[in-house]
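Notes follow once the structure below has been shown.
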Amino acid sequence: MSSCQNKDKKSLIKTQQKKPNVLFILVDDYGYMDCSVMGSKYYETPNVDRIAKEGMIFTDGYAACQVCSPSRASIISGKFPARHGITDWIGAKTGEAWSKRGRATQLLPPEYAHTLATEYTTLPEAMKEAGYKTFFAGKWHIGGKGSWPEDHGFDINKGGWDAGSPKGGYFSPYQNPNLESGPDGENLSMRLAQETVDFIRNNKDTTFFAYLSFYAVHGPIQTTQNKWAKYRNKAEAMGVAETGFEMGHFLPIRQTQDNPVYAGLVEAMDDAVGVVLTALEEMGLDENTIICFTGDNGGVAAGDAFATSNLPLRAGKGYQFEGGIREPFFIKVPGLGNGKTSNTPVTGTDFYPTILELVGEQLKPEEHTDGLSLLPLLKGENLSERALIWHYPHYGNQGGEPSSIIREGDWKLIHYYEDGHEELYNLNNDLGETNDLASENSDRVKQMSTILFKMLNEMGACYPEKDPTWTAEREKKHRDNVINKQLPKLEKQRMKFLSKDFDPGNQWWGSMVVED
């Protein structure tokens, strides 16, 4: 063997022995049906779809909560919200402060933790211990100063701070103390992608853990005129439904995917994902980089921007139904699980142990208490059966009700705190949760409810209390106002977005100063 051949062989061995890099992509408020690979006929997401098709699609992948902060804390801690204590989005009102908001609801939501405990060894901290360079870009929303990304294991933080929405919008100048504004009109999602690429390029000869956490597709929804026009025309070609909303328990819930502003925001996020994927290829890192992709809660069908529909899943962000908690959930590991699908229920707490095992590190079961490594599924094997639970003792801004959930196999039980009643659904037969089977399966309801509250109490869960000022008359008045005033306004706004002469009146949120 020549010296040149021997050198090449040694180089190959060194490459094979190098630990894999990890790219984690988290999209805010990204619904199960918000990408074409999961069935959307309206949104176009070729780059997200590529991750799914080249990796493993987990059809029953879940966020740990129906709102953002709890889910985000669960991903990096490996703990369910009831355990780490962040059970609502940080900034949500509780107790009497909630009652004074005029929502006319029966319960007072309990207090919750406003920062992630520093005594936890988080996923990025575990990766640092393993010799990884760690990077964060985008939305954080797991605590204020002193509990920012750099306080929980990230070496570099670009744009992560207290806020849960893009202050200043999706086009520069930004109002973000941890992200310098770019040229006027610069796209925020593209900027975060470029920051991620720059980090990867500067650390391509090391091992890195890059966490790209988009502010998209959270409201306020914004896009460029070109993208709006593309999706306005597409909605028209597909046929615009006469109505787009149906009344839920507290708020109208969107039933149609035909919002061209939101569709443009989704595509811009996907474009940004493509920039990072292309960069990995160009640097020769794609075959040694694990990619995880998911969202933090369901798509916003009610409340906020009322932007999307999650059908056939019921409801959306903030809700106890599948539309509120089921997510796009993809893991791409070069040479493992490629092009496969798993219908085993999995959740956000599973990423921590899965990533550790994939990079060859010892698991930390005392930390990722509520997660399991998904490596067996990626290898085509089975995962131990377990119960998954959710605890949201709050009222969502989107109309969800204080509740706790347990899923065992195909069965899903929802416990409601307003009156204590429970609903039971078989998700294999009834994905849309339209047929409550509780009365026909009283033994199963009792067994699942017992397990649910045993787990919650062991975790130290907090529960809501009755609001002594509540009256049925006040709640009915509030609901009637929503039906008679808000619902017609939403339908009017929906058609305004789809009108040929729609103009937001502000140079398309400032994007017109640069080319799309």
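In this structure, OG1 in T349 is found 13.0 Å from CD1 in I76, a value given to the nearest 0.5 Å. Q66 contributes atom CD, which lies 5.5 Å from atom OG of S403 (distance to the nearest 0.5 angstrom). Rounded to the nearest 0.5 Å, atoms CE (M190) and CD (E195) are 13.5 Å apart. Interatomic distance, CG of D410 versus CG of D430, reported as 11.5 Å (0.5 Å rounding).
For Y42 and Y231, the distance between ring centers is under 6.0 angstrom. In summary, the aromatic rings of F502 and W508 are positioned with their centroids under 6.0 Å apart. Ring pair F136/H152: centre-to-centre distance not below 6.0 Å.
With a 4.5 Å cut-off on side-chain heavy atoms, L427 and E322 count as touching. Counting heavy atoms from C-beta outward, H394 and P110 have side chains that approach closer than 4.5 Å.
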Please step through ring pair (Phe, Tyr, Trp, His ring centres under 6.0 Å) for the pair W509 and Y170, ending with a clear verdict.
CA-CA 8 Å; W509 299 285; Y170 284 100; 9.5 Å; no
So W390 and Y62, ring pair (Phe, Tyr, Trp, His ring centres under 6.0 Å) or not? Walk me through it.
CA-CA 10 Å; W390 293 261; Y62 289 97; 4.9 Å; yes
Candidate pair H368 and F351, rule ring pair (Phe, Tyr, Trp, His ring centres under 6.0 Å), full reasoning:
CA-CA 9 Å; H368 45 76; F351 284 114; over 10 Å; no
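Put simply, the residue from D28, L26, D34 that forms a side-chain contact (heavy atoms from CB on, under 4.5 Å) with Y30 is D34. Checked options E475, Q398, R479; the residue passing with F250 is E475 (criterion: side-chain contact (heavy atoms from CB on, under 4.5 Å)).
Without hydrogens or angle criteria, D304 side chain to F306 main chain gives no donor-acceptor distance under 3.5 Å. Listed for the T59 side chain is a donor-acceptor partner under 3.5 Å among the backbone atoms of S342. Checked by atom type and distance alone, the side chain of Q320 pairs as donor or acceptor with a backbone atom of E401 at under 3.5 Å. Between the side chain of R72 and the main chain of K139, a donor-acceptor pair closer than 3.5 Å is present. Between the side chain of T354 and the backbone N or O of L374, at least one donor-acceptor pair lies under 3.5 Å. When atom types are taken as modelled, the side chain of R254 and the backbone of N310 share no donor-acceptor pair closer than 3.5 angstrom. With hydrogens and angles ignored, the 3.5 Å screen pairs no side-chain donor or acceptor of E418 with any backbone N or O of P402. The backbone N or O of K412 sits nowhere less than 3.5 Å from a side-chain atom of R407 that would complete a donor-acceptor pair. Y262 places no side-chain N or O within 3.5 Å of a backbone atom of A305 that could act as its donor or acceptor partner. In this structure a side-chain-to-backbone donor-acceptor pair under 3.5 Å is present from W140 to S147.
The shortest non-hydrogen separation linking L413 to V445 is CD1-CG1, 3.9 Å. Across all their heavy atoms, S99 and D467 have their closest contact at OG-OD2, 2.8 Å. When every heavy atom of S77 is checked against every heavy atom of L116, the shortest pair comes out as CB-CD1, 4.3 Å. Closest approach of I483 to P488, counting heavy atoms only: O-CD, 3.4 Å. Shortest non-hydrogen contact noted between R386 and T347 is NH2-N, 4.3 Å. Summarising the geometry of V67 relative to G318, their closest heavy-atom pair is CG1-CA, 4.0 Å, with the distance given to 0.1 Å.
Taking a cutoff of 4.0 Å between a charged side-chain nitrogen and a carboxylate oxygen, K332 and E54 qualify as a salt bridge.
For the side-chain contact (heavy atoms from CB on, under 4.5 Å) test, residues two or more places apart in sequence or in another chain that qualify with K466 are Q106, L107.
Taking the six-membered ring for Trp and thresholds of 30 and 60 degrees, F330 and F293 have nearly parallel ring planes, at less than 30 degrees apart. Below 30°, between 30° and 60°, or above 60°: for Y463 and Y417 the angle between ring planes is between 30° and 60°, a tilted geometry.
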